[in-house]
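Here's the structure, in structure tokens; my notes come after.
These figures come from a predicted structure and were not determined experimentally. Protein chains get the first letters and strands the later ones, always in sequence-line order, with residue 1 at the start of each.
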Amino acid sequence: MDVQKVVLELTVKNHAGVMSHVCGLFARRAFNVEGILCMPIAGSDESRIWLLVFDDARLSQMIAQVEKLEDVVRVVRHGADHQVFERLEEFFK
Amino acid sequence: MQLNGAQLIVRLLEQQGITTLAGVPGGAALPLYDALSQSTILHHVLARHEQGAGFIAQGMARVSGKAAVCLSSSGPGATNLVTAIADAKLDSIPLVCITGQVPSSMIGTDAFQEVDTYGISIPITKHNWLVRDVRDLLEIIPAAFRIAESGRPGPVWVDVPKDVLSAKIEIEALPLPAVRDALPEADSGLIGRAAELINAARTPVLYLGGGVIAAEASAAAVALAEKAGLPTTMTLMGLGVMPMDHSLSLGMLGMHGARYTNYALEEADLLIVLGARFDDRAIGNAEKFCPNAAVVHIDIDPAELGKIRRPNVAIHGDVARVLELLLTQVQANPRAAWVARVNDLKRQHPLALPGMDDPRSHYGLVRAVASLLDDEAVIATDVGQHQMWVAQAYPFRRPRQWLTSGGLGTMGFGMPTAIGAALAQPERTVVCFSGDGSLKMNIQEMDTAVEEGVNIKVVLMNNQSLGLVHQQQDMFYGQRIFAADYRHQTNFQMIAAGFGMAVYDLDKTDDPRAMLAEALAARGPALIHCSIDVNQKVFPMVPPGAANTEMIGG
Ligand SMILES: Cc1ncc(C[n+]2csc(CCOP(=O)(O)OP(=O)(O)O)c2C)c(N)n1
């Protein structure tokens, strides 16, 4: 079975704890996160979180819930071909 | 001026308009309590259990619509608050919960009374903080109130390490108190489409949830129903929005709704859903709920739109504002044929309330209390059969008259919530219908009620059993009643008297109605005890997994 993957790009406020809010949201709904990456955005008080997730029927509801988090500023949805995780694969060999 | 963190919190609470808060002190919260002791504005209500403090705050918030505050120390104090906060989350009640934490330098060392309050509170709050620096309080405390009250209300949690409470800060002036975020601008094109659907509908039903109360939109919702001839149903959380005796009222829908209500919904060609979330106890089997109805769904929380039922028109907005615009575009239409059909259903399938005229029976007691009070009274409940009997039989006529644990269904909710309601609105009579199981879960708050002298009347429907469990085992588990009946009979009258409450026992009088009248007319906390037959059921009932039209009994 070939389930499509999706890359989510979250812009978040740089608060300690924002990672646990985001990850907890997925974990509580038994929604698998395949890959996760988080770095501060240079020269700002925001961070970027990249998530690699499966495109299952609950994904749009998940995104709606993520958008509600106080520290999440923006969520953008990309296809799985987005380069961020592809380039990273080198480090996971 | 120079303050410490605790004094700063106290000043910010005062400035926010808080006058009463509830809590229980302890080691990590001592600086906060010391600062509270110096406040001439804040009245601290000492609860007997932190869960009681959480529900006292809920009672204040539920009757006022404003965020209320509860406090505790670290560790067990914080974990004891968890249930009350989770309850507020599911019912969208604005709370600001402030807890002491072990000193920053000891966090993560399994220090005495350390728990990960921040981690524990993530899934049960709208937002939460662990305060790392005393300066951050200047931003966090106002933000806590703003977030709790803005949009879809909910609880927030501020965990403050003891060293932050004691740390000194020099400030010129306090930051401004929080104001609510601006309301979202609703899409006028979508409102137009919603109006078209309503105008074209033959058998529409208006479906109102607790969000209508939170948005202070009850009068507008009733105006829409009247203008467009819309039979109107309410969720458990929405009771009171439209008076029960209104000719368009269908009462409560769902698991224990009247037959006519669920039958009328089955015939709906359009549902107009305001501030409601298609909860499973309201809609039964989601696939079979209103199979022929289009849906207009209006809610302040965009994540509710399409979560359970895909709407034909979804409007993200403030219910009050959307209604204002919708009312101008909806055509006046008495919809006489549909209203007549609904009235036929009411006649053919009425809500049966057996024993209604006997004040010592389950429905009769609810009605007798109602007959002795006016709409100014507040009615709280615990959780169980008694809760559903009150929901079915009490003639609710105004928003915020009815306080019940809808989403979490928390036994022990009733009495402390009633205390909070009475503290916030001391001129009212606050009645709490309770069961013997539920009352035992926060019975220690009788002490708080007496100390505060609040005007609450606990009407105990004592069936010597966890009645709702008994009912389910009787009906669905081969009558194997297990762990539901209490073998030992508790003397509640003596317990209440021991705490200093007035006690009235309807079992021991020739004139229960006169005794009730006397009990309700006297001011101050009282227990009104009445034995109830354990075999009485809540009917009608939609069995688990069934469609709402497949009701048993009633
Ligand atoms: C804290 C909590 N524990 C367990 C339950 C499950 N439960 C739901 S109703 C009920 C029985 C309630 O008994 P009682 O308060 O005596 O009310 P009655 O049903 O007899 O009217 C139980 C155990 C619950 N809702 N809340």
Just wondering, more than 12 heavy atoms not from B/Arg193 lying within 6.0 Å of its CZ? no
Just checking heavy atoms, which of residues 84-93 of chain A are less than 4.5 Å from chain B? none
Flag yes if more than 12 heavy atoms outside B/Arg309 fall under 6.0 Å of its CZ atom; otherwise flag no. yes
Determine which residues belonging to residues 19-30 of chain A lie within contact range of chain B, meaning some heavy atom pair is under 4.5 Å apart, and list them by number or answer 'none'. A/Ser20, A/His21, A/Arg28
Among residues 51-67 of chain A, which residues come closer than 4.5 Å to chain B, judged by heavy atom distances? A/Gln61, A/Ala64, A/Gln65
Interatomic spacing from NE2 in B/His127 to CG in A/Asp71 - rounded to 0.5 Å: 4.0 Å
Trace of the side-chain contact (heavy atoms from CB on, under 4.5 Å) decision for A/Lys68 with B/Lys126: CA-CA 9 Å; A/Lys68 263 173 64 170; B/Lys126 201 173 161 190; over 6 Å; no
Contacts of B/Lys66 that satisfy salt bridge (charged side-chain N to carboxylate O under 4.0 Å, His left out) - sequence neighbours left out: none
